[in-house]
Amino acid sequence: MPERADWENGLTEADNVRLARIPLHLLDHHPGNVRADYALTEAFCRSLAADQQVAVYVVPIPDDHPRGEGEEGYRFWVTKGNRRLAAARHQQLPDLLCLIDLAKAGDRAGQFIDMVVENDDEFRRGLTAFEQAQALFAAHEAGASRTRIRKLTGRTREEVAGAITAARLSTQTRQAAQRMNHDWTLEDLALLADFDGDEEALAEIHQRVGWGHQVRYAVEYIRTERAEAAERARVRAELEQAGIPVSDDIPSGALTLTRLADVVDGFDPDTHTTCEGHGVFLRSRGTPTPLAYCTSPEQHGYAPPETPSAPGAPAVGSAAPARANEPERKLVIEGNRAWKASATVRQEWVAGLLARATAPKPVMAWVARQLVEMPTPLRDKLTGARHTALWAKLIGNIDAASTAAVRPGRLPLLALAPIAVAYEHQMTVPDSARYIWRHDRTGAVSRSDARAYLSLLVELGYQPTPIEQAIIDGLPYRGDAPAEELEPEQAPDAGQPPHEPGAEETSTAMPADADAGADPQTDPDTGDGVPYSAAA
C-alpha cells in the first residue's frame, strides 16, 4: 500500500455520505419535487449523455412509503438533480452518478430546503457569456478538441467556434460589450470579432443596442455601410486612374449620357469618353452607382428650350436635380442600407426555421392560404424558386427524392420552403426590391404582401428590424433611431401621412424628364440604368 502524503493525513471522511452509480430503474423524482418544468433542451440532454459531470443527490425511500403502480422498484428519491434525472430518462441512460445522503433520509424539511438552495438564483448564478467563452477557450487551450467540447457541453459546432472566437476578443472590446445593456450570448460576442478594438464601430453597436436592436442587425448594418464605402473608394480609384473626372454631384447645366441620347439623334454614349465635358457622378453615400454625364451638351447639338425661368434656376432638361431636402436624402440612403442589412439577418433566421425538426402550428394554415390566394410574389417566382441561389442558402440540399424520408411533423416546413424562397427572392434580388419599404415607389413585392410574409415570421418568433416593423405597422420608415431621438423633420407625421394597412398602394410617377426630376443622390436608377465602367 503506498505511503500516504502529509496532506492526506488531515482528511476526514464524511459520515452518512456515499458516492455510487445507481441504475436508473432504482431512481425516482422526489414526491415533493416542486419543479414543474424540467426545461429539457437538446444541448443539455446531449451533454448528460456524453459525460455526467455533476452527481445528483439522493436519499433512500422510507420502507413504509406507500407505492403506486409501477413504483415498486424505486429505492431512492432524487433531492438535488431532478432535471438531470428527467434528462437521463429522456436519453435512456443506464445509470447516474449519485451522492447518497443518509443524513437527510429522515429529514423531510431538510430535503425541501435543499431543493430551494439547489435552484434559487440567490444561491447560484450561471456563467455569463464572457465567462463561458473564457472557460471553453481555456479547455481548448488545455488540449480539448472542439469535438470533445461540443459533446461534453451539448453545444453545436457553431457555438463552440463562436465561444473560442469570443474568448480571443481584446480586453478593450470585452469591456465595451459589458458596458452595453444587453444579455450577451456566445453567438453575439463572436459577432464583435470583425470590430475588435474598433472604437467607432463598437460605439455605434452600443447606440443601436440601446435602441433595442439585435446585435446581429447592428453588426450587419455597419458591415453594409463599410462595404459600400470600400466599393465606392474602389470605383473612384478605378475611374480616376483611367483619367475620368469624378464629382460628388452633377454640375449645373450637364446632361446624363442617357438623357443626351434621348434628345440628340445619332448620339452614341459609348464614344463620349473623348469629349472634354465627359465626367462621372459618384454618390458620396450609399451604393456606388457611377452616372456618366456631359458638361457641354450643346457641343453635341443639344439646345435647351428658351423658356423664362427664375434667376439661377437650371436650364430645362439639364441634369441639375430638383433635389430632395438633406434629411430625406439621408433617409433614403439609410433605408436602402437598412433594407439590405435586414435581409441578411432575416434570411439567416428563415434558414434556421426551415431546418427545424417540427413545424410551428401556424405554418400549415398560412401556406394553404397563400396557395389559395396566390399573391404576386408566388405568381412571379414560386415555380422557379428551386432554381434560385437562395434555395441552397435557405433550404440546403433538400430535393423531391429526399422528402420521402421526412417525418410528418416537418412536412409543413417543406411546403413553406419554396414560398419563403419566392418571397425572399422578390424582396431582395430584383432591382426594384429596394423600393418595397418606400411610399413613393412600388417594388417587386407590394407592401401588403411583404407585410403578410413578415407578420408570419414575427408570429413564429422572428424579431423584426425597425424598417421591417414599419412595413408590418403600415407606417412610413423614418430611420432606425427611436422616435424621441428623431429631428422634427424626420417625425412620422412629417412629409406624408402614415400608410394605412390594406390601403391601395401606387407609385409616384417620375417626371417625363427623369434627369431633371430625380435626385441622383438617392435615385441612381434614373440615369444610365447600368453601372458605369471606366473602360467604356
Side-chain angles (χ1 to χ4, degrees), residues 217 220 335-336 338-356 358-403 406 409-438 441-465 467-472 474 477 501-502 504-507 525:
Y217 171 65
E220 191 58 37
N336 288 340
W339 187 244
K340 184 177 181 180
S342 297
T344 300
V345 176
R346 184 179 66 249
Q347 288 172 5
E348 288 180 358
W349 189 90
V350 170
L353 166 69
L354 297 177
R356 293 183 190 178
T358 305
K361 287 184 178 180
V363 168
M364 199 65 250
W366 191 85
V367 167
R369 188 166 59 250
Q370 287 285 299
L371 294 178
V372 170
E373 295 176 353
M374 197 57 63
T376 302
L378 302 195
R379 294 199 303 269
D380 290 346
K381 207 63 190 176
L382 182 60
T383 57
R386 191 168 178 273
H387 305 291
T388 66
L390 278 173
W391 180 269
K393 178 180 179 182
L394 300 183
I395 313 303
N397 297 321
I398 288 290
D399 56 23
S402 61
T403 58
V406 173
R410 179 165 158 69
L411 287 176
L413 290 172
L414 296 189
L416 174 64
I419 296 176
V421 171
Y423 269 98
E424 289 295 341
H425 182 279
Q426 295 302 92
M427 290 170 64
T428 58
V429 176
D431 189 58
S432 61
R434 67 180 183 275
Y435 295 145
I436 295 172
W437 66 272
R438 294 174 63 172
R441 295 294 184 90
T442 297
V445 175
S446 70
R447 279 177 291 280
S448 60
D449 286 340
R451 183 182 308 120
Y453 174 65
L454 293 173
S455 297
L456 169 74
L457 300 186
V458 171
E459 185 179 1
L460 300 181
Y462 175 64
Q463 182 180 342
T465 62
I467 200 167
E468 293 169 331
Q469 189 64 57
I471 290 177
I472 293 170
Y477 170 74
E504 182 181 0
E505 297 173 356
T506 58
S507 62
D525 56 309

Assess the side chains of Tyr462 and Glu468: does a donor N or O sit below 3.5 Å from an acceptor N or O?
yes
What do the steps show when you test Leu413 against Arg356 for side chain to side chain contact (heavy atoms under 4.5 Å, CB included), and what is the final call?
CA-CA 8 Å; Leu413 290 172; Arg356 293 183 190 178; 3.9 Å; yes
Between Ile436 and the options Ile471, Thr428, Thr442, Ile467, the side-chain contact (heavy atoms from CB on, under 4.5 Å) test singles out Ile471
Output for pair (Leu378 CG, Thr383 OG1), nearest 0.5 Å, gives 10.0 Å
Has Arg434 got a side-chain atom pairing as donor or acceptor with Lys340's backbone, closer than 3.5 angstrom?
no
With side-chain hydrogen bond (donor to acceptor under 3.5 Å, both in side chains) as the rule and sequence neighbours excluded, what pairs involving residues 412-423 come up?
Gln370-Tyr423
Roughly how far apart are Leu394 CG and Trp349 CH2, rounded to 0.5 Å?
12.0 Å
Between the CG atom in Leu416 and the CG atom in Leu456, the distance rounded to the nearest 0.5 Å is 6.5 Å
Working note: Met427 + Leu454, criterion side chain to side chain contact (heavy atoms under 4.5 Å, CB included); need CA distance, chi angles, decisive distance, verdict.
CA-CA 11 Å; Met427 290 170 64; Leu454 293 173; 4.2 Å; yes
Taking Arg379 for its side chain and Met374 for its backbone only, find out whether a donor-acceptor pair lies under 3.5 Å.
yes
Looking just at side-chain N and O atoms, do Arg451 and Ser448 make a donor-acceptor pair shorter than 3.5 Å?
no
Side chains of Trp391 and Pro418, heavy atoms from C-beta outward: is any pair under 4.5 Å?
yes
Does any non-hydrogen side-chain atom of Trp366 lie less than 4.5 Å from one of Tyr453?
yes
Indicate yes or no: at least one non-hydrogen side-chain atom of Trp437 is less than 4.5 angstrom from one of Asn336.
yes
Would you give the length of the straight line joining atom CG of Asp380 to atom CD of Gln426, rounded to the nearest 0.5 angstrom?
5.5 Å
Nearest 0.5 Å please: distance from the CD1 atom of Ile419 over to the NZ atom of Lys381.
15.5 Å
Ionic contact status for Glu424 with Lys393, cut-off 4.0 Å:
no
Check the pair Val445, Thr376 against side chain to side chain contact (heavy atoms under 4.5 Å, CB included), reporting the backbone distance first and the verdict last.
CA-CA 7 Å; Val445 175; Thr376 302; over 6 Å; no
For residues Ala444 and Ser432, report the shortest heavy-atom separation together with the two atoms involved.
N-OG, 3.4 Å
Rounded to the nearest 0.5 Å, what's the gap from CD on Gln463 to CZ on Arg346? Could you check?
14.0 Å
Tell me if a side-chain donor or acceptor on Thr388 pairs with a main-chain N or O of Ala385 at a distance below 3.5 Å.
yes
Can you see which heavy atom on Met364 is nearest to which on Ala415, and at what distance?
CE-CB, 4.4 Å
Flag the pair Leu354 / Leu414 as yes when at least one side-chain heavy-atom distance between them is below 4.5 Å, and no otherwise.
no
Under a 4.5 Å cut-off applied to non-hydrogen side-chain atoms, are Leu460 and Pro362 in contact?
yes
Should Leu353 and Pro360 count as side-chain neighbours, where that means a heavy-atom distance under 4.5 Å?
yes
